[in-house]
There are 2 protein chains.
Amino acid sequence: MVSNPSNFEAAKSIFTAYLETKLLRKTPERYAILEEIYSRNDHFEVEDLYISMKNKKYQVSRATVYNTLDLLVECDLVKKHQFGKNLAQYEKAYGSKQHDHLICVDCHKVMEFCDPRVQNIQNMVGDMLKFKVMHHSLIFYGTCERTDCEHKTKEAS
Amino acid sequence: MVSNPSNFEAAKSIFTAYLETKLLRKTPERYAILEEIYSRNDHFEVEDLYISMKNKKYQVSRATVYNTLDLLVECDLVKKHQFGKNLAQYEKAYGSKQHDHLICVDCHKVMEFCDPRVQNIQNMVGDMLKFKVMHHSLIFYGTCERTDCEHKTKEAS
DNA sequence: TTGAGTGCAAACTTTTTGCAATGTT
DNA sequence: AACATTGCAAAAAGTTTGCACTCAA
């Protein structure tokens, strides 16, 4: 979901507060990664982020990217997804409203939607099973009808 | 969800029909893997299956396990999950009713629940976004209140 | 000053692939 | 007999780890 540009500033304050609370160091690499993430929209993977940063002022290592992403997920500034592949995908979380995803199994496009009923189900199921639900992941897999959907021709049977 | 033992026989027929339609070979390895899967309950990973089979009459290779799992997922006899980790988990699908999952972030226990409203949301969102939804994945993450939940003590902050 | 954090490369884990041997059709 | 399928081991792909160096506190 599109978010306004000042979200980075807000995210930065939250991150600073988090680092201070946890007695972690406020390194330039960590802020550079946060900035890069908040300059992006939609979903990206670690390698995307790493490559983008390689081409900019901050050359960070993959280890630092992984490390920082963990911190950002921990303080809810970034969401981590596992969209069926063995490859984590991330998106910024601050200032975007709660949403879930649809993924086209042909062109792999990721779309988003909101439906308040998901929250109701979450609350009810949590109560019923004595389970304190903290977050959820709802993904619909199917085919989109975009004209530019690159329908992979499945192996002829 | 628990299923009755004869599900293996039914699954076997379905698999045979699938293999014949696709002009694939009916090898003993494929049936042995199907049998092993249908003798299990709940969720397992590739290595679990591979190890179990190593200790039985059929010694199959990992490559064959992966290959066969793909076929079984394709013909809906097995469901593949990506529960947040970079590790695929599977469960038999025939004869079990549609359900979704709750996962305890502390003890990693996987629980199941059914809620028909998920289907409604799926239909509605699909219609709205002109997306033909084929299946979904809904996972609630939280903490269970089982007395035997091995609450990992998070690093003291 | 000092030890948390970084970069790099090596190690690990899960999955995929290449190829010779096997066995279903 | 032909060639899809198997087993094995090597390669990929993504992530984690070990260690010496660096720099935020």
Side-chain angles (χ1 to χ4, degrees), chain A residues 12 15-34 36 43-51 53-75 78 80-90 108 155-157, chain B residues 12 15-34 36 43-51 53-75 78 80-90 108 155-157:
Chain A
K12 208 156 105 176
F15 195 31
T16 299
Y18 174 79
L19 293 174
E20 287 172 351
T21 309
K22 291 276 189 174
L23 302 175
L24 299 170
R25 292 183 179 173
K26 302 191 270 288
T27 66
E29 288 83 358
R30 286 173 174 168
Y31 286 103
I33 290 168
L34 180 67
E36 177 62 30
H43 308 83
F44 60 90
E45 36 201 85
V46 173
E47 199 62 16
D48 294 334
L49 195 59
Y50 175 69
I51 298 296
M53 299 200 65
K54 271 275 164 200
N55 302 329
K56 295 190 180 171
K57 48 184 181 300
Y58 274 107
Q59 307 252 334
V60 293
S61 67
R62 280 190 188 79
T64 301
V65 172
Y66 279 103
N67 165 45
T68 303
L69 278 170
D70 284 348
L71 296 177
L72 292 170
V73 167
E74 181 99 359
C75 63
V78 168
K80 178 175 184 175
H81 299 289
Q82 206 77 46
F83 289 139
K85 293 172 296 192
N86 287 320
L87 192 169
Q89 290 189 270
Y90 298 83
H108 301 111
E155 72 283 11
S157 54
Chain B
K12 208 155 106 175
F15 194 31
T16 299
Y18 174 79
L19 292 174
E20 286 172 352
T21 310
K22 291 277 190 169
L23 301 175
L24 299 171
R25 291 182 181 174
K26 301 191 272 288
T27 66
E29 289 83 358
R30 285 173 176 169
Y31 285 103
I33 291 168
L34 180 66
E36 176 63 29
H43 309 84
F44 59 90
E45 36 201 84
V46 173
E47 198 63 14
D48 294 335
L49 195 58
Y50 175 69
I51 298 296
M53 300 201 65
K54 270 277 165 198
N55 301 329
K56 295 190 181 171
K57 48 184 181 298
Y58 274 107
Q59 308 251 336
V60 293
S61 67
R62 280 191 188 77
T64 301
V65 172
Y66 278 103
N67 164 44
T68 303
L69 278 170
D70 283 349
L71 296 177
L72 292 170
V73 167
E74 182 99 359
C75 63
V78 169
K80 179 176 183 174
H81 300 289
Q82 207 76 47
F83 289 139
K85 293 172 296 193
N86 288 320
L87 193 168
Q89 290 189 269
Y90 298 83
H108 300 110
E155 72 282 10
S157 54

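Chain letters run A, B, ... following the sequence lines, proteins first and then strands; every chain starts at 1.
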Examine D:dT6: is either OP1 or OP2 under 4.0 Å from a nitrogen or oxygen in the side chain of B:Asn67? Give yes or no.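 It does, given that an N or O in the side chain of B:Asn67 lies less than 4.0 Å from OP1 or OP2 of D:dT6.
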
Establish, with yes or no, whether the OP1 or OP2 oxygen of C:dT6 is under 4.0 angstrom from a side-chain nitrogen or oxygen of A:Ser61.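 Checking C:dT6 against A:Ser61, no side-chain N or O comes under 4.0 Å of OP1 or OP2.
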
[X] [atom1] to [N] [atom2], straight-line distance once rounded to whole Å:
X: B:Lys22; N: D:dC3; atom1: NZ; atom2: C1'; result: 19 Å
X: B:Leu19; N: D:dA4; atom1: CG; atom2: P; result: 15 Å
X: B:Lys85; N: D:dG14; atom1: NZ; atom2: C1'; result: 16 Å
X: A:Tyr31; N: C:dG5; atom1: OH; atom2: C1'; result: 14 Å
X: A:Leu69; N: D:dT15; atom1: CG; atom2: C1'; result: 12 Å
X: A:Gln59; N: D:dC21; atom1: CD; atom2: P; result: 21 Å
X: A:Lys54; N: C:dG7; atom1: NZ; atom2: P; result: 8 Å
X: B:Leu23; N: D:dA2; atom1: CG; atom2: C1'; result: 15 Å

Partners of A:Tyr31 by side-chain hydrogen bond (donor to acceptor under 3.5 Å, both in side chains), sequence neighbours excluded?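 A:Thr16.
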
With a 3.5 Å distance limit and no angle check, can you tell me whether A:Asp70 reaches the backbone of A:Asn67 through a side-chain donor-acceptor pair?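 Not a single qualifying donor-acceptor pair exists.
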
Counting C-beta onward and ignoring hydrogens, is there a side-chain heavy-atom pair between A:Lys80 and A:Leu69 closer than 4.5 Å?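 Not in contact.
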
Sequence neighbours excluded, which residues qualify as side-chain contact (heavy atoms from CB on, under 4.5 Å) partners of [X]?
X: B:Thr68; answer: B:Phe15, B:Arg30, B:Ile33, B:Thr64, B:Leu72
X: B:Lys85; answer: B:Leu87, B:Gln89
X: A:Ile51; answer: A:Glu47, A:Asn55

To the closest 0.5 Å, what do you measure between [atom1] ([X]) and [atom2] ([Y])?
X: B:Glu36; Y: B:Leu49; atom1: CD; atom2: CG; value: 5.5 Å
X: A:Phe44; Y: A:Tyr50; atom1: CZ; atom2: OH; value: 16.0 Å
X: B:His43; Y: B:His108; atom1: NE2; atom2: NE2; value: 14.5 Å

B/S/- along nucleotides 12-25 of chain C (protein heavy atoms under 4.0 Å) is --SBBB-----BBS

Inter-axis angle, terminal five-pair segments of the helix from C:dT1-D:dA25 to C:dT25-D:dA1 [nearest 10°]: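 Answer rounded to 10°: the end axes differ by 30°.
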
